[in-house]
Amino acid sequence: MLDKRQQQLTVLIDGKLKKLRWYFIINTLVRFLPFLTIVTYLLHAVFSLMLHVENQSYLFSFLIACLAFLFKFFRIKRSESFIHINKDNYLAHCNRHFSSLEESAQLVLMAPKNLNFLQRFQQNKVCHELLHLLNEKKVEKHSSNQHTLNGQFHSQLSLLFTCLFLAGLWFYSPITAFEKTTCQGEHFQKNINASPLISTVAKNKDINLLSSQITVQPPKYTNLLSTTQKDLSIELLAGSEITWQLGFSETQQRYFIEFANGEINPLVLSENNQYTFNYRVEHTGLYKLYSEDKSFQQIHTLRVSLDKKPVIRILTPKSTITEIEKKGKTGVLTQVDISDDYQISHVEILASIAKGSGESVKFRDQVFTFDKVTEQVLTKGEQYQAVYEKMWDFTALNMEPGDELYFTVKAWDNKQPSAQLTSSETKIIRWLEDEEKMVMADGILIDFMPEYFKSQRQIIIETKELISDKMQLTEAVFSETSELLGVAQSGLKQKYGQYLGDEFDDGGAGLVPNMSNESEEAHHDDDEHEQEENHKLAQSVAASGHDHGVAGQTELEHSTDDKSGYSQLIETYAHNHEDTDIGMMSRQDPKALMKQSIANMWQAELYLMLSKPEQALPFEEKALKLLKMAKKAERIYVKRLGFEPPPVSEQRRYQGDLSEILSENKQKKIDLTLTQKNYIAQLYQLIKQQSLRFNSEEKTNANKTNLVAGSFLPAERLIIDTVKQFLQNQLSERPALINDVATLERIILADSIAIKNCENCIEKLKNKLWQLLEQPTALPNVRQSHYLMNDSLMNQYNELLWENNDVDIKSSTKDKTK
Amino acid sequence: MTLMEQLVFPVLSLNEQLMMGALLLVSLAVIYRATLRLFNSSPLRLLLVVIANLLSVIAVVLLIIPVQVKHHENDTITLLTSGFNHSAFNEERLCFTKSKIYYLTSIADKQVKKNVSNNCDLSLITINHISELSIFEPDINQLEVYGDGLSATQWQHVEPLKTTFYPSELKSGFIEPQWSKEATLGESVNFTAKLQISRQNARFDRIHTVQLIDVNGELLSEVKAKHDEIFSFNIKPKAIGQHLYRIHLLENSASAGEANTVLIDESVAVNITESTLPRVLIIQSSPKYETKHFKHWLTENNGQLLTLTQISKENVLSEEVNLSTELSSSLSFSKESSIQTIDEFLTASLFDHFDLLMVDAKVLLSVNDDKLALIDNAVKNGLGLLVSIEQSLANAINDNLLLLFSDFQQQVNPSHINSTSVAFPTEEANLLALNYLDKDESANNHIKQVMLNWQNKTSEHLIDANNTSLQNYNAAHLVFDQNKQPLMISNNRGKGKIALTTINSSFQLKINGMYDEYSQFWQFITTELASNKQPMFWLEQPNKKIVFKGEMAKACLLAERELISSSSVSQVNNKEQTMLYLHQQAENENKHCSSHFSNNAGWQQVLFSAENDSKVTFSKPQYIYQYETNDWEAWQQALIHSDSDNKVRKSKVISEKNIINEHTEPVNKLVVFWVLFICSSFLWIERKLY
């Protein structure tokens, strides 16, 4: 019976001891928690402040806290207090708390045989009492006896403190506050440099682009396969369709795509949390991806390459005009090389056959196809190249000698929706009627010369006759004939003058010697006498022109149309070789040649009027030669239409009336507005200033240098916007500028030149801006002196010097007078 | 040299001679006694005793007399510097000299010590700074320097009596570089340098390619040059600011397909500033195209201009462009319409407001003497004067009718020759007279066609010019034509400058599309003539000077006293400002210089700040580029070579007289002492034993 109770007690006491031990461990650990929490936080603070590794410092301090916790746990298990929680001490503990045990609880676990009677009696009694006590929990679970016997959790305060401490840290972190306040001075420079990057990170921290897949489907007519890429900056052919498949870390928001033309489209959320969008791209530009709350913004480029037009190269005949002799072969082979970057859809020859001459000329248009097509080996960047051949048979075309065939090759590529057309230059095939070859220029016959050209020849003939008949003729007849020839020469000269738009009556031929300088050929033919005469004439005319210019130059304005006015004067003075609407006065320029011819006519007229036909003859001949050269020159000269100033009335002319001329004071302020080029220079300077760091500048990458962060001023923003706009306008011609436009867009978005994820962008932009800058004009400047104008010592010396000088001058003048 | 020849015996005084004599007598007496004692008994012993006595006496004498011995010591010090080439020749020389070898570790090749000490046993001492050599060797007689040598500053630490310099091999690179470190926008910077190719280079005598690389890394220009040839580039930066151009020396690749490698890469730093626009006053007797186009050019670039034109006999047109309101209101004539002639406009205060006066000959000849004196005075006070000359004015100058042009007196007076030509019967005189007659005839043709040449620039376009000859005037030639005939001449007058020009159609350049040439021409003219009335400006850095990292950078300025009193100068670097001291220069009281040392390479900004009279803060920066120590290595080497050669040249003059290669020192008398000791012992034993 007793043994049973003892066994029962042993089980019960063991159970109680187990509970007591757990409560002991828990209480001790909870009491340790506040200390552990504080130490852990301090460690985290040290890590984050000293090592600047915020995320890792959490991990480190947590690991250390766990280790400390385990260490404490094992230490408790090995502590004396824990070991002392045993049966003997438990029974002694019961003795102290329960008087009913009569300080005899330790007897309950002793073997009865080792006890005397009184002890056995007491054992029996206490066993009963102890059993009752230990089983009491079933009745009164939360009584004080139960806590005494089982132990209890009593470290609520420590737990509360720990919780409050952690809650406090959650809402208010002293480390962050410390960084914001005390560390501000210490890390001033660093924070300035780092802040834009951090802010950018903070903006994009919540939302990240997890995946991207761009599918570019080129237009069908190109027969190119679709491509896939991950890079969001896309190069594509015009008309390609792009499909964006983007994965964002945040799927609760809406995302948009904005194109350079201002078109904004939402991205569509599809399965697998992928945002998709399709778009057909025709032009180079930027696009922006952004979230609804703008916490995610990215700019990328679309570089579009255009489908090139077909290229037509006529291999034969090479020259514009091919002349076939009457008795020659009656066929001409035409070979044309046509290439395209994709395919050619259609090729044809548009030909016109001209029959007859003068007013009875008739044209017959006809479309032909090529006889033979031979595809060639493809060259780089081209998908199609072929040589087309066509044999023109004059008889089959019903042509006769004297007829002309004009033909142009047209080629269409396969671009959709509308094919691109290229037309070749026009080639002319002439089947000559007789053997004489005519003068042609760019396919148009120069036959505009009036009969006066022939009369120059007539003048020469008559002059020669006059010279040979000199002996037979009387002096009066000779002079009269010579003067008549002079008049004829003058008339001819004036007629040509009309073509040139010049007035020669007032000595405008002053231009001529200059022009004659242009033609070396002409000079070679002249004898020395002619040159001398020409030179003198030129000088006299130039001098008279000069006088006229000085008198009237106030009101004259430079106008290329006003040939008889300012520009003529300029030509006289400035040795003007070229005129914008006429073109270069080259050796073969008909205008120059005609002017030289007229100059010679002037001389011829002069000597004819002076009854010196011998001296006039070389000029006449030269004039004719130059006219012939003008005929040969491959340039069509059209009579100019220009400003004709109204003639000055006789009432006003030479009257010397100055009553309308008054003294006047004009005040002007020239406000030079900034041009786009100026803006480029200003932007270059702005970037340079911001990225310039003395000592490390120039040799290092601009992105790696410490860049000054900070918002742009409104004026600076205007500069950036203007340059961006300027570059955008250039995109159609220079698609490569898209990267620089993107950089500028990023700068605007970041409000700083410290932009993220763009290696060498600023350096490349700077280089591009430098490239775009024009060569500057030399500006007026002042003398570089080595003294100040207000230098007192210099002034004194200067005064002394001049005083002495004055004395010297006075004395020398006195000497002279003496 | 025998031992005796090396010994130096001092001249003995009389007392010493008497003492020696006494000693000799004593020893003779001793020998005499010994002879008496031993002559018969033991002659051998006698001989030994006599010898011992003599030796003792001699020993005593030698111990007493301060005998010295001559030393011909090798006191040469060898210094190895940067660029020391470990050639067989140098090695043999070093081993032969057996001298102490020092080397500057900071700059010398680290391998030197290893290489030299491997071949012969020499004492190698490392020094980090040249001043340490003077501590180790306070009195250096001979110094042999190997390698690049020492700079002028380093030589101040060493003062050897004789210096021998064994220069290192010349490095490939550019030497004698010079360019304007600062220019205004639109002004071109001329860079010149000499190409130097190392003789060790296999392509030493070949033609090399030198390239000028733009700020953005693009090739700007390219020249071909050989060793020792001078080449030049014209640089025209496109924007205001600090720019770095690069000069590349290319090593042509052996095969045609390969790209050329850059052998040398040097940077050329140029600071571009805004130009100071001059205020120009034009006074003309009638409207002219020349002035019209000049007016357009000037005002397009924000220049200030006042034009006074006599448009009729009784009317004057005045035109103000961009003049400040204050200046405009201060010009009283702007409100008066009754003024009829230009004379009435001309006042002393008018000229004070302008930096350049352009005037034509007719105006100068028409104004009265008082007004001419005003112009003269204004020129003396700094105004630049550009006069468009005509024959009438030329005649007036020749006749010395205008005091303003007194400095332009013709060297040879053609009118004088003309008048006297008949009197010369010789053929030469007639030819000379004909020559002048021809000139007079050509002078009737008012215009000639010329191509402008100024500074290093040449216009290839013909323009018209007045045919008046400026050849014989006593003046500097600013612009000349294709035949080297002057078209513009100038003379200083007081603080100002007067120029005479026959160019009256430079606008032809402009209207023919050569706007750049036109601008450059007029920029040159204004820069030559217009006075600089700025209260403060920085002086240009010397063209030939390159400042390296760690060296002293000096920046000088001219400023009025009032500005200086409230000024401060600081070196700005990464937003940090270091205050610098301004030192007034002795030669000019308005000239002040500040100097600083910087251990950073790159652009250094020196900022002048001051308050003017109206308490407005005024600041002007100056930029100096400090090169890395390894930049322009060939030029640095050439400079150090030159400094060391100079030192050698100077030391040659001194060393021929002063060098003492030998010195004396007391003879070691230990042997003598032992001789005396042995002899004395022998004599003592001989006396005691026998």
Side-chain angles (χ1 to χ4, degrees), chain A residues 539 542-543 546 549-550 553-554 558 570 573-577 658 661-670 672 681 684-685 688-689 692-698 766-768 770-771 773-794 798 801-802 809, chain B residues 184-187 215-216 236 238-241 244 275-278 287 289 298-299 301 303 311-312 315-322 328 334 337 339 355 380 382 445 447 449 462 464 494-495 505 508 511-512 519-520 523 526-527 530-533 558 560 573-574 589-590 600-604:
Chain A
Q539 282 180 339
H546 171 69
V550 169
Q553 60 197 347
T554 50
H558 177 61
I570 295 307
Y573 286 160
H575 193 76
N576 192 3
H577 287 263
L658 301 173
I661 298 175
L662 300 171
S663 288
E664 195 185 352
N665 177 247
K666 293 180 186 173
Q667 293 184 350
K668 284 181 194 168
K669 291 271 182 199
I670 296 176
L672 293 171
Y684 180 81
Q685 285 169 37
K688 187 110 175 159
Q689 275 169 13
L692 185 78
R693 279 290 165 268
F694 302 113
N695 309 326
S696 59
E697 192 259 348
E698 299 292 348
K766 213 163 65 176
N767 288 342
K768 180 56 74 180
W770 182 265
Q771 198 183 43
L773 279 172
E774 284 181 350
Q775 281 294 338
T777 311
L779 301 177
N781 203 355
V782 295
R783 210 186 309 158
Q784 300 300 311
S785 62
H786 292 277
Y787 54 85
L788 287 176
M789 283 297 157
N790 290 337
D791 191 331
S792 56
L793 199 66
M794 183 75 76
N798 201 19
L801 203 68
W802 290 111
I809 289 168
Chain B
T184 55
L185 188 66
E187 194 181 356
V215 171
N216 59 351
K236 199 172 178 185
K238 295 176 179 174
I240 290 167
L244 276 189
S275 61
T276 311
L277 297 171
Y289 277 119
L298 184 76
T299 50
N301 296 306
I311 49 173
S312 75
N315 292 290
V316 175
L317 173 71
S318 70
E319 198 175 356
E320 300 168 17
V321 190
N322 291 342
S328 187
S334 60
S337 57
I339 294 175
D355 306 317
K380 285 174 186 171
N445 302 323
I447 295 168
Q449 292 210 312
L462 281 168
D464 293 339
K495 290 187 285 182
S505 302
Q508 290 174 356
I511 61 176
N512 281 292
S519 306
Q520 283 167 11
Q523 185 186 53
T526 54
T527 311
S531 66
N532 188 350
K533 289 178 181 167
L558 282 172
E560 290 175 356
N573 197 352
N574 282 339
E589 63 174 4
N590 292 319
N600 297 321
W603 286 105
Q604 307 292 319

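Reminder, nothing fancy here: chain letters follow the sequence lines and each chain counts from 1.
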Tell me, side chain or backbone of A/Gln784 under 4.5 Å from chain B's heavy atoms, or both, or neither? both
Find the one option among A/His786, A/Glu774, A/Gln771 whose heavy-atom pairs under 4.5 Å with chain B are most numerous. A/Gln771
Of the listed A/Met789, A/Lys768, A/Arg783, the one with the largest count of heavy-atom pairs under 4.5 Å with chain B is A/Arg783
Report the distance from atom CG of A/Asn781 to atom OG1 of B/Thr184, rounding to the nearest 0.5 Å. 4.5 Å
Drop me the distance from A/Leu788's CG to B/Leu558's CG, to the nearest 0.5 angstrom. 5.0 Å
Would you name the heavy atoms of B/Pro278 and B/Ala530 that are closest together and state the gap between them? CB-CB, 3.7 Å
Quick one: which of B/Gln520, B/Glu187, B/Lys236, B/Lys533 has the most heavy-atom pairs under 4.5 Å with chain A, could you say? B/Lys236
Can you measure from CG (B/Asn216) to NZ (A/Lys766) and round to the nearest 0.5 angstrom? 10.5 Å
Spacing of NZ belonging to B/Lys495 relative to NZ belonging to B/Lys380, to within rounding of 0.5 Å: 12.5 Å
With chain A as the partner, which of B/Gly303, B/Gly494, B/Ser312 has the greatest number of non-hydrogen pairs under 4.5 Å? B/Gly494
Which region of B/Glu560, side chain (C-beta onward) or backbone (N, CA, C, O), has a non-hydrogen atom less than 4.5 Å from a non-hydrogen atom of chain A, or is it both or neither? both
